[in-house]
*Asks:* 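Structure below; questions to follow.
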Amino acid sequence: MTNQSQDKFSEWKKALVELLASNQVTVAGHRYTRPAPSTYEHQWLWDSCFHAIAYRWIDPEMAWSELLSVTSHQVKEGADAGMIPHMVYWGGGGQELWLHADRSTITQPPLIGVAAWLVHTIAPDRSKLAVLYPLLTAFHNWFDRRRDPDRDHLVCLIHPWEAGSDSSPRWDRAMKLPERFPPSAGTAARKSLVGVLNKYGHDPLALAESGYFCVETIDFNAIRAADLEALANIAAELGLPGDSSGWLEQAKEVQHAVQAKLMQPAPHDLEGLEEIPITVDSASHFIALFGGCATLEQAGKMVQRLQQPDYWTAYPVPTSPISSPSFAPQEYWRGNTWIPYNWLIYNGLLRYGYPTLASELAAKTSDLVCRAGFREYFHPITGEGLGAGAQSWTGLLIDMIAQEFN
Ligand code: GLC
């Protein structure tokens with residue numbers, strides 16, 4: 001970082017502290033941070049994990065609060081016992097869509113073990129880990145029990161919202177969308193799928209048998225592998241070596257399954273019971289590195305792909321390459337740059353021994369965010385800020401920069 005960009009970063013950090021404080025909410029004895037006050041006022045699962053990762057450098061107490069509040073609506077009974085919902089509606093309002101006033105009935109990428117462990121490494125607190133541990137155990141046991149009907153160690157998603165990348169072109173075929181469609185048609189399809197989930201009791205097998213959305217993806221499973229590894233660290237820290245080796249074993253099973261089924265001959269996701277490859281090119285594939293889900297050879301090929309000009313743009317990493325037919329940088333998740341994806345890819349590059357490229361990504365991300373502000377996502381070529389304003393997860397940049405200086 002040059003002196004000038006260091007100055008810019010310190011200014012940005014001050015603004016971040018203010019932004020996060022103003023997005024915080026205290027309700028019913030819980031504290032959480034709204035993803036973006038005017039657009040996303042409820043609590044989202046992976047957002048809260050990202051917030052905690054940013055807070056560990058600014059306000060570790062708030063980091064723990066964020067992780068505890070997001071687990072407060074974990075499902076306690078029924079077929080989905082153990083699931084942590086992707087949304088908590090603290091002020092109500094979920095009834096019409098989810099038939100539950102206070103929560104959704106699907107999940108989001110399981111990063112909460114990763115987040116807890118990262119917070120603990122900066123602000124150690126075994127008592128908080130001890131509270132979270134049984135909840136995270138139940139969460140991962142739920143994935144295993146309910147979301148892996150074909151027992152291949154890869155969990156399936158039953159709604160695009162579960163991936164976090166709601167309207168990625170990866171889902172178009174499984175969502176039965178035509179080749180060209182307005183964004184409103186995508187939104188309507190996602191909303192109407194929730195009615196179908198309710199009708200089928202959220203059972204992946206029943207949904208898949210009837211031809212509804214059921215996909216196994218690289219990114220979600222890689223994030224899960226990283227979370228299982230984090231659970232192994234947490235168990236060891238809590239003096240549970242037997243549990244710890246069990247979680248590591250499970251992480252390895254997921255890593256091998258991704259390598260064997262989703263990474264060759266080229267990275268792809270799988271759709272439905274017939275496991276039809278989804279070959280749409282997507283930055284989500286790079287997330288394999290985050291979860292240790294690529295062989296060294298597979299990783300090498302991915303890193304080469306990442307550096308090609310249709311991914312390595314002025315402000316990388318677009319979620320779809322800018323050369324792809326579905327590239328639409330103004331439409332969310334269809335080729336824009338998202339800070340959470342950059343954070344996942346950055347850490348994946350470090351994991352596989354590409355620190356120079358990781359540093360370049362951190363510098364480009366810093367340049368982008370300091371220039372365009374706290375936006376939900378960005379144009380990968382012009383750097384224009386897009387989507388919601390005052391988006392809390394932009395704070396992940398602080399974690400990338402802190403790692404750069406450590
Ligand atoms: C959008 C994003 C999703 C995120 C939510 C709250 O729906 O697609 O990933 O969790 O907003 O920020």
Side-chain angles (χ1 to χ4, degrees), residues 19-20 22-25 32-55 66-67 69-70 73 83-91 93-94 97-98 103-112 114-115 157-172 175 183-184 186-191 193-194 213 215 217 219-220 223 282-284 287 290 317-320 328-345 369 373-378 385-397:
L19 173 91
L20 292 179
S22 77
N23 286 356
Q24 275 171 32
V25 172
Y32 80 98
T33 308
R34 294 169 291 174
S38 56
T39 319
Y40 305 113
E41 59 171 310
H42 307 294
Q43 186 170 22
W44 267 261
L45 173 55
W46 81 331
D47 294 67
S48 277
C49 297
F50 290 132
H51 301 163
I53 293 165
Y55 275 127
E66 194 87 26
L67 297 178
S69 60
V70 83
H73 285 65
M83 186 189 75
I84 301 180
H86 96 299
M87 282 180 74
V88 177
Y89 293 73
W90 286 101
L97 190 59
W98 303 104
R103 66 166 177 91
S104 68
T105 56
I106 57 170
T107 194
Q108 248 185 349
L111 256 173
I112 183 157
V114 169
L157 310 183
I158 57 171
H159 196 291
W161 283 335
E162 293 199 309
S165 52
D166 309 1
S167 56
S168 162
R170 290 190 281 164
W171 320 133
D172 291 354
M175 290 299 282
S184 58
T187 310
R190 290 189 289 281
K191 284 206 172 139
L193 180 56
V194 176
F213 190 92
V215 300
T217 74
D219 48 323
F220 199 96
I223 291 173
S282 166
S284 57
I287 296 171
F290 178 76
V317 178
T319 53
S320 302
Q330 305 284 341
E331 287 175 32
Y332 92 142
W333 290 113
R334 297 185 79 88
N336 359 77
T337 295
W338 293 68
I339 305 309
Y341 261 40
N342 280 17
W343 183 86
L344 290 162
I345 295 168
V369 172
F374 299 102
R375 298 299 295 267
E376 185 182 7
Y377 52 92
F378 304 86
L386 298 166
Q391 181 89 17
S392 305
W393 68 20
T394 335
L396 278 174
L397 174 64

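One-based numbering, in listed order, for ligands and for the atoms of each.
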*Asks:* For Y40, give me all partners under ring-ring contact (aromatic ring centres under 6.0 Å, His included), at least two apart in sequence or on another chain.
*Replies:*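 Per chain and number, Y40 pairs via ring-ring contact (aromatic ring centres under 6.0 Å, His included) with W44.
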
*Asks:* At less than 3.5 Å, what protein N or O atoms come close to the N or O atoms of ligand 1? Include the distances to 0.1 Å.
*Replies:*
| unit_1 | atom_1 | unit_2 | atom_2 | d |
| --- | --- | --- | --- | --- |
| ligand 1 | 7 (O) | D166 | OD2 | 2.9 |
| ligand 1 | 8 (O) | G164 | O | 3.1 |
| ligand 1 | 8 (O) | D166 | OD1 | 2.9 |
| ligand 1 | 8 (O) | D166 | OD2 | 3.0 |
| ligand 1 | 8 (O) | W333 | NE1 | 2.8 |
| ligand 1 | 9 (O) | W46 | NE1 | 3.0 |
| ligand 1 | 9 (O) | G164 | O | 2.6 |
| ligand 1 | 10 (O) | W46 | NE1 | 3.1 |
| ligand 1 | 10 (O) | D47 | OD1 | 2.6 |
| ligand 1 | 10 (O) | Q108 | NE2 | 3.0 |
| ligand 1 | 12 (O) | D47 | OD2 | 2.7 |
| ligand 1 | 12 (O) | Q391 | NE2 | 3.3 |

*Asks:* Show me the pairs that pass salt bridge (charged side-chain N to carboxylate O under 4.0 Å, His left out) and involve residues 39-48, at least two apart or across chains.
*Replies:*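 Pairs touching residues 39-48 that pass the test: none.
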
*Asks:* Taking atom types as modelled, is there a side-chain donor on Y55 or T33 under 3.5 Å from an acceptor on the other?
*Replies:* yes

*Asks:* For a quick test of reading the model, state the closest non-hydrogen atom pair linking L157 to A163 and the distance between them.
*Replies:*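 L157 and A163 have their closest heavy atoms at CD1-CB, 3.8 Å.
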
*Asks:* If we ignore angles and hydrogens, is there a donor and acceptor under 3.5 Å between the side chains of S167 and E331?
*Replies:*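 Distance-only check fails for S167 and E331.
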
*Asks:* Who are the side chain to side chain donor-acceptor pair (under 3.5 Å) partners of W338, not counting sequence neighbours?
*Replies:* N336

